[in-house]
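Numbering of ligands and ligand atoms starts at 1, following listing order.
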Amino acid sequence: MAKAVGIDLGTTNSVISVVEGGKPDVVVNSEGARITPSVVAFKGADRLVGNVARRQAALNPQNTFFEIKRFIGRRWEEVSEEANRAPFKVVEGPNNGIRIETTDGLKAPEEISAMILRKMVDDASAKLGYKVTDVVITVPAYFNNTQREATEAAGRIAGLNVLRIINEPTAAALSYGLDKKGNETILVFDLGGGTFDVTVLEIGDGVFEVKSTNGDTHLGGADFDQRIVKWLAESFLEEHKFDLRKDPSALQRLIEASEKAKIDLSAANETTISLPFITFDPETRTPMHLEKRLTRAQFESLIADLLKRVRTPVEQALKDAKLDASKIDEVILVGGSTRVPAVKALVKSLLNKEPNESVNPDEAVALGAAVQAGILSGDSSIGDIVLVDVTPLTLGVEVKGGMIAPMITRNTAIPAKKTETYTTAENNQPGVEINVLQGERPMANDNKSLGRFKLEGIPPMPAGMPQIEVTFDIDANGILHVGAKEKSTGKEASIRIENTTTLSKDEIDRMITEAEQNSEADKVRKVKVEKRNTLDSLRIQAEKQITESANAPQDLKDKVQKLADEAKDAIQADDDSKIEALQTSLETALRELMQAAPQNADGADAGSDAPKTDEDVIDADFKPTN
Ligand code: AMP
């Protein structure tokens with residue numbers, strides 16, 4: 001029976017996992033890797049996802065899309081910095097949203113994320129032997145409502161049934177605490193590629209209760225890389241009067257080399273960044289090279305202010321959980337960036353405790369997501385587990401004077417429901433507009449507006465008379481649903497949500513259809529490319545065989561040569577019908593030539609490693625290898 005899986009859709013990498021026999025395990029991708037880079041590239045008619053996309057990034061910088069999670073569910077003005085430093089083009093979309101410019105038109109971050117999810121699930125389906133459709137996807141605990149909705153939409157666009165959106169640190173805690181018997185208070189410190197989360201939980205006897213969560217959705221390992229990029233680019237600019245950041249291909253190479261240097265420095269005290277032929281002198285056209293030594297101490301000073309930013313969320317999470325650091329039994333490190341020695345040292349000094357490194361920081365989140373997927377789909381092999389999570393940010397409405405009136409405060413256990421009654425400010429007011437906000441600041445404008453509710457059709461009444469009941473309902477995914485009713489007359493008022501950043505239902509439906517069509521088109525394209533490759537290998541084999549078959553009849557060799565030439569032309573012209581026809585004729589002619597070869601007088605033509613039978617020839621060299 002098809003099982004539900006857990007997916008950690010990371011900024012840098014993604015991981016998919018499933019529970020087998022009561023234990024979660026990572027499902028390897030089609031390349032045999034446990035981790036899939038969250039990278040998508042458009043290359044001609046092909047769409048590449050994962051490592052193949054990542055590998056060709058420097059050659060195709062404007063069409064290789066990475067760290068898309070930084071853009072999902074965001075407003076244009078929130079991501080201008082990230083948008084500017086990307087080698088690909090990020091533009092403002094409808095309703096203040098974000099679009100990525102691709103050779104296949106503008107794409108929403110949800111669509112690009114859907115392509116990553118699709119590959120993860122397709123690969124897992126092939127490995128597991130059944131079609132996976134039910135998934136649990138993780139998000140940073142500190143993701144707001146819009147980012148959660150957008151992640152869920154990405155799942156739907158990929159054609160998946162998203163059972164639940166769960167918080168990454170909670171998922172990590174699930175995988176850490178699955179076998180724990182006693183009670184523990186733990187702090188999960190999760191620093192990934194693009195986001196930082198800190199969560200305090202109480203665990204024991206299968207109960208996982210989140211006490212508080214905090215974080216920064218603009219902080220991660222990619223920011224560390226950017227500091228190295230900036231340092232390299234500025235010193236190159238000073239020396240050579242050339243800004244490498246203006247050349248997309250050079251910028252992409254700088255980003256890759258910076259990440260590598262950072263990773264090297266987790267194990268070594270110094271590293272050399274060497275980028276030969278990084279660019280050409282614009283005047284003399286002579287090649288320019290970059291070579292720089294970076295020590296761990298220098299790197300730590302480059303990221304010092306970024307590291308400081310983790311302090312406040314940690315302190316706030318402890319305060320919200322009403323605990324001091326000494327009450328934390330274990331500090332669990334999650335996310336690739338916790339491998340940076342300075343991060344570990346900082347955690348130790350903040351919490352006065354040696355961090356626990358027993359979980360795999362790359363896999364813990366996906367493993368926990370798989371456990372949750374198992375629980376939700378009724379997998380009886382998993383013991384009794386209760387998970388109580390919280391909402392990370394306060395939700396409220398805008399009231400008189402531009403203030404926020406909180407409805408559900410941060411760290412409230414979810415699901416949660418709250419109803420409050422509001423009224424009108426003027427006589428005979430026919431309707432009111434309610435601005436739904438998320439955030440901790442006292443003034444409405446400083447928080448994120450999730451949508452505006454228009455309650456229309458209120459009968460004429462003096463100011464202060466109508467009773468407008470507004471209900472906030474946060475589901476188990478942490479996604480908010482709102483309703484409103486005019487109470488004094490008992491009449492339901494009409495309500496309209498004008499969400500300003502997420503995609504509309506119509507847009508999502510269109511994207512689902514497009515994604516399905518593309519998945520069909522991708523399959524067709526794959527078959528086509530395979531046929532072309534098979535004919536090309538056949539042609540190369542044929543030409544080799546001709547030179548090795550000196551004593552074979554000339555007319556047979558001419559015939560094979562002619563077919564090989566035709567194959568070359570058909571491949572160049574991308575002529576599908578000829579490619580198809582030539583495969584059979586060239587295969588037959590080549591077989592004849594190979595059969596003719598061993599009958600030569602010296603017997604040398606066949607070569608000592610020549611295939612023994614036709615069957616061997618076909619299987620070894622001629623068949624597509626898919
Ligand atoms: P995640 O989002 O958890 O996959 O974390 C990805 C981030 O971890 C990226 O910024 C990686 O560069 C970073 N990372 C992975 N391994 C290391 C390492 N050994 N040292 C420093 N950073 C690392």
- Query: Should Gly336 be counted as touching ligand 1, given the test is an N or O pair under 3.5 Å?
  - Reply: yes
- Task: Go through ligand 1 atom by atom and flag the ones less than 4.0 Å from a non-hydrogen atom of Gly192.
- Result: 1 (P), 2 (O), 3 (O), 5 (O), 7 (C)
- Query: Given side chains that start at C-beta, do those of Asn518 and Arg47 come closer than 4.5 Å, heavy atoms only?
  - Reply: yes
- Item | Approximate separation, where rounding is to 0.5 Å, of Asn63 CG and Phe42 CZ | 7.5 Å
- Query: With side chains defined as the heavy atoms from C-beta onward, is the minimum distance between Glu291 and Ile273 less than 4.5 Å?
  - Reply: no
- Message: Would you say that Glu300 contacts Arg296 through its side chain, given a criterion of any heavy-atom pair below 4.5 Å between the two side chains?
- Response: yes
- Residue Gly335 vicinity, atoms of ligand 1 by number, heavy atom under 4.0 Å: 3 (O)
- Query: With a 4.0 Å cut-off on heavy atoms, is Asn13 touching ligand 1?
  - Reply: yes
- Query: Would you say Glu20 and Lys3 make side-chain contact, with heavy atoms under 4.5 Å?
  - Reply: yes
- Could you list which atoms of ligand 1 come closer than 4.0 Å to a heavy atom of Glu259? 9 (C), 11 (C), 12 (O)
- N or O pair under 3.5 Å between Gly193 and ligand 1: yes
- Task: Under the ring pair (Phe, Tyr, Trp, His ring centres under 6.0 Å) rule, what do Phe88 and Phe66 come out as? Steps first, then yes or no, please.
- Result: CA-CA 9 Å; Phe88 50 89; Phe66 58 94; 5.6 Å; yes
- Purely on distance, is any nitrogen or oxygen of Ser266 under 3.5 Å from one on ligand 1? yes
- Message: I want to check something: taking the side chain as every heavy atom from C-beta on, are Val121 and Ile7 in contact at a cut-off of under 4.5 Å?
- Response: yes
- Query: Can you tell me the protein heavy atom closest to atom 16 (N) of ligand 1 and the distance?
  - Reply: Arg339 NH1, 3.4 Å
- Task: Starting from atom 6 (C) of ligand 1, find the nearest protein heavy-atom neighbour and note its residue, name and distance.
- Result: Thr12 OG1, 3.5 Å
- Taking the side chain as every heavy atom from C-beta outward, state whether Arg148 and Asn477 have any atom pair closer than 4.5 Å. no
- Query: For atom 13 (C) of ligand 1, what is the nearest protein heavy atom, given as residue, atom name and distance?
  - Reply: Lys262 NZ, 3.7 Å
- Note on the structure: A student checking ligand 1 against Gly221 at a 4.0 Å heavy-atom cut-off should list atoms 10 (O)
